[in-house]
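Structure, as structure tokens:
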There are 2 protein chains.
Amino acid sequence: MATGRTHRPATRSRGIPEATVARLPLYLRALTALSERSVPTVSSEELAAAAGVNSAKLRKDFSYLGSYGTRGVGYDVEYLVYQISRELGLTQDWPVVIVGIGNLGAALANYGGFASRGFRVAALIDADPAMAGKPVAGIPVQHTDQLETIIHDSGVSIGVIATPAGAAQQVCDRLVAAGVTSILNFAPTVLSVPDGVDVRKVDLSIELQILAFHEQRKNGEERDERADRDERPPRDTGQAVAATVAPAAEAAGPGANAAQGPVAGAVPGASPKGPDGDVPAVMPA
Amino acid sequence: MATGRTHRPATRSRGIPEATVARLPLYLRALTALSERSVPTVSSEELAAAAGVNSAKLRKDFSYLGSYGTRGVGYDVEYLVYQISRELGLTQDWPVVIVGIGNLGAALANYGGFASRGFRVAALIDADPAMAGKPVAGIPVQHTDQLETIIHDSGVSIGVIATPAGAAQQVCDRLVAAGVTSILNFAPTVLSVPDGVDVRKVDLSIELQILAFHEQRKNGEERDERADRDERPPRDTGQAVAATVAPAAEAAGPGANAAQGPVAGAVPGASPKGPDGDVPAVMPA
DNA sequence: TCCTGTGAACGAATTCACAGCA
DNA sequence: TGCTGTGAATTCGTTCACAGGA
């Protein structure tokens with residue numbers, strides 16, 4: 001899911017399911033690797049293994065694109081690479097701007113995978129005047145003031161936001177107003193955008209929290225002390241104790257691939273309950 | 001202890017759906033923000049809006065955790081923050097190691113959201129001897145040789161891989177062998193791990209490709225060359241003809257020169273890599 | 001009355017299993 | 001004889017709509 005509001009009516013057009021779209025890049029990568037090794041054809045089984053999915057899913061996915069395989073044989077690697085690239089829109093050039101050239105923005109600018117798939121860093125933008133002119137990854141950083149001009153002149157339609165959370169929405173609004181219709185958001189904020197604009201977010205913190213959830217479960221199997229979780233809250237109605245956290249983050253995973261089975265047999269007594277104190281004490285500084 | 005105990009009318013026993021788990025961090029962040037503003041309670045409607053989901057979904061999600069709301073009123077913010085934190089395992093400390101301190105690794109090390117949710121960067125590891133000892137984000141980088149020792153001594157169970165694709169699997173194997181059971185992978189490779197180990201991946205390139213797909217469709221709407229998906233491939237029966245179609249690489253690379261950005265998901269054995277390799281990214285500063 | 005909690009309807013995604021073609 | 005392509009079955013996730021407690 002990506003768009004902020006509006007349920008995506010999308011998916012309709014060609015009718016390729018979102019889940020499938022999210023896997024196409026995966027297949028493409030595996031195919032590209034095969035191509036570089038001059039492998040002429042692959043079976044769904046082999047390709048699936050290389051992409052980390054199962055073959056039935058892969059075949060179903062490809063069936064949405066058309067019938068590009070040969071029964072009894074498999075898929076022609078080069079041809080499939082081309083078809084998927086075209087379907088994803090990678091046969092054209094996509095100028096991209098990155099806003100917020102901090103640690104992350106710089107990492108993104110230097111990311112090699114960028115240029116290798118039709119994406120081109122058209123400009124780097126930062127609000128810090130001191131950054132202006134300084135080259136990052138060979139590209140001079142420009143000041144935020146230039147944002148609209150840059151977008152317009154470069155015909156950019158994809159923007160990457162790597163600013164602090166506090167600035168994200170504002171940057172987003174300006175990008176959208178300037179004509180950007182797809183945004184990749186690295187800031188830990190929910191962005192609201194008008195219809196027609198796609199937003200995808202990537203967030204380390206969320207991924208880690210999901211891992212922690214499963215990790216806890218692995219270890220916590222045997223420990224279970226407290227009672228039921230249903231018990232009524234100690235409720236204190238007090239109010240916001242200062243403490244607590246700073247902005248965190250989240251990310252939407254498209255088809256995040258989990259490695260394996262969740263939960264297994266439903267831990268019985270699970271759910272401990274932290275009756276002890278009451279609220280937060282969570283998070284260290 | 002018998003698995004029996006689950007006899008509560010409501011309340012599920014365990015088995016919180018993955019989709020729900022993936023949203024808990026979102027709710028947590030929204031709640032934390034409310035908490036900081038000393039808001040005592042929220043309705044599902046308000047909280048849902050803040051988290052960017054719809055209220056029915058949010059209520060359903062919370063129902064898997066238990067009944068933590070009050071009909072006619074809403075949810076107690078502090079209490080819910082605590083419950084979700086606990087459910088996610090954030091009430092405990094999670095030492096984490098980051099392997100691969102390039103642009104991305106450094107960005108991750110500097111990411112504030114790290115420490116703010118129970119995660120603590122226990123160590124930074126890099127294969128480059130020249131990096132050893134250099135502090136990044138205040139933490140001295142250690143050499144890969146120390147990996148096993150570090151993991152063991154710090155009791156790390158979550159590892160972050162931010163190395164070039166070519167090194168990822170090997171690093172992964174070592175992490176797993178040393179006891180890590182959850183991995184967050186930023187390298188554009190499919191990692192294979194034994195059962196019991198969770199892997200989540202974050203991939204910038206994939207996110208951009210998904211955006212490109214939708215972007216392309218927005219522009220191409222009206223021309224709608226229908227039916228083209230059913231049409232039979234122009235492909236001739238012959239196979240593996242050298243270059244009938246444009247391989248992705250060239251279709252893609254405007255600014256990219258073939259020599260440089262191979263991308264591709266790491267073919268075992270090959271490991272190009274420039275300064276930084278291919279690594280997608282994450283996190284704002 | 002208002003808002004939560006949840007059964008039930010619905011829809012999307014995955015998996016099964018096999019028909020059909022090279 | 002393989003291996004693709006795909007309906008059918010199944011599982012998972014979302015949304016609806018309303019019962020029921022504060």
Side-chain angles (χ1 to χ4, degrees), chain A residues 1 6-12 15-24 27 41-49 51-77 79-80 83 229-230 232-233 235 237 252-258 260-263, chain B residues 8-12 15-24 27 40-49 51-77 79-80 83 229-230 232-233 235-239:
Chain A
M1 61 170 71
T6 340
H7 49 162
R8 76 168 51 273
T11 313
R12 259 356 89 209
I16 298 179
E18 259 312 295
T20 294
V21 172
R23 280 188 296 266
L24 292 181
Y27 301 143
T41 59
V42 254
S43 65
S44 61
E45 202 68 61
E46 299 166 324
L47 183 53
V53 304
N54 72 52
S55 64
K57 190 184 290 180
L58 177 145
R59 288 200 304 278
K60 177 66 94 180
D61 284 340
F62 285 178
S63 80
Y64 291 118
L65 307 184
S67 298
Y68 296 144
T70 303
R71 292 171 199 240
V73 179
Y75 301 92
D76 179 275
V77 174
Y79 186 61
L80 203 43
Q83 290 299 340
R229 110 239 317 283
D230 254 354
R232 227 70 249 327
R235 178 66 108 266
T237 318
N257 64 335
Q260 61 110 33
V263 198
Chain B
R8 281 288 148 194
T11 323
R12 336 205 29 295
I16 297 177
E18 262 309 299
T20 294
V21 172
R23 280 187 296 265
L24 292 181
Y27 301 143
T41 60
V42 257
S43 65
S44 61
E45 202 68 59
E46 299 165 324
L47 182 54
V53 302
N54 72 52
S55 65
K57 190 183 289 181
L58 177 145
R59 288 200 304 280
K60 177 64 92 179
D61 283 341
F62 285 179
S63 80
Y64 292 120
L65 307 183
S67 297
Y68 296 144
T70 302
R71 291 171 199 240
V73 179
Y75 300 92
D76 179 273
V77 174
Y79 186 62
L80 202 43
Q83 289 300 340
R229 83 136 115 155
D230 277 341
R232 235 66 238 314
R235 183 152 211 67
D236 54 271
T237 46
Q239 31 119 248

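Sequence lines set the chain letters: A, B, ... in the order given, protein chains first and strands last, and positions in each chain run from 1.
- Under 4.0 angstrom from either OP1 or OP2 of D:dT14 there lies no side-chain N or O belonging to B:N54.
- Regarding contacts with the backbone of C:dT4, every side-chain N or O of B:T70 stays at 4.0 angstrom or more from both OP1 and OP2.
- Residue pairs meeting the salt bridge (Lys or Arg N to Asp or Glu O under 4.0 Å) criterion with at least one member in residues 62-72 of chain B, sequence neighbours excluded, do not occur.
- The aromatic ring centroids of A:F62 and A:Y68 lie 6.0 Å or more from each other.
- Atom CG of B:L80 is separated from atom P of C:dT4 by 11 Å (rounded to the nearest Å).
- Proximity of A:D76 to A:V42: side-chain heavy atoms (C-beta onward) are nowhere separated by under 4.5 Å.
- Rounded to an integer number of Å, the gap from CZ of B:R59 to P of C:dA8 is 17 Å.
- Distance, B:L47 CG to C:dT4 C1': 13 Å, rounded to whole Å.
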Please list each protein N or O that sits under 3.5 Å from an N or O in nucleotides 19-21 of chain D, with the distance.
from: D:dG20; atom 1: N3; to: B:R71; atom 2: NH1; distance (Å): 3.3

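- Residue A:Y64 places no side-chain N or O under 4.0 Å from the OP1 or OP2 atom of C:dA13.
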Atom pairs under 3.5 Å, N or O on each side, protein against nucleotides 7-13 of chain D: can you list them with distances?
from: D:dG7; atom 1: N7; to: A:K60; atom 2: NZ; distance (Å): 3.3

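- The shortest distance between side-chain heavy atoms of B:Y79 and B:T41 does not fall below 4.5 Å.
- Qualifying side chain to side chain contact (heavy atoms under 4.5 Å, CB included) partners for A:A49, counting only residues two or more places apart in sequence or in other chains: none.
- Rounded to an integer number of Å, the gap from A:E45 CD to C:dC16 P is 12 Å.
- Put simply, B:S43 has no side-chain N or O that comes within less than 4.0 Å of OP1 or OP2 on C:dC3.
- Looking at heavy atoms from C-beta onward, B:Y27 lies in side-chain contact with B:D61 at the 4.5 angstrom threshold.
- Between A:R23 and A:V53 the shortest side-chain heavy-atom distance falls below 4.5 Å.
- With sequence neighbours left out, the salt bridge (Lys or Arg N to Asp or Glu O under 4.0 Å) criterion links B:R59 to no other residue.
- The interatomic distance linking A:L58 (CG) with D:dG5 (P) rounds to 10 Å, in whole Å.
- For the side chain to side chain contact (heavy atoms under 4.5 Å, CB included) test, residues two or more places apart in sequence or in another chain that qualify with A:T70 are A:V73.
- Rounded to whole Å, the distance from OH on B:Y75 to P on C:dC2 is 18 Å.
- Residues A:D61 and B:D61 both approach DNA chain C. Their nearest nucleotides, taken by heavy-atom distance, put B:D61 toward the 5′ side.
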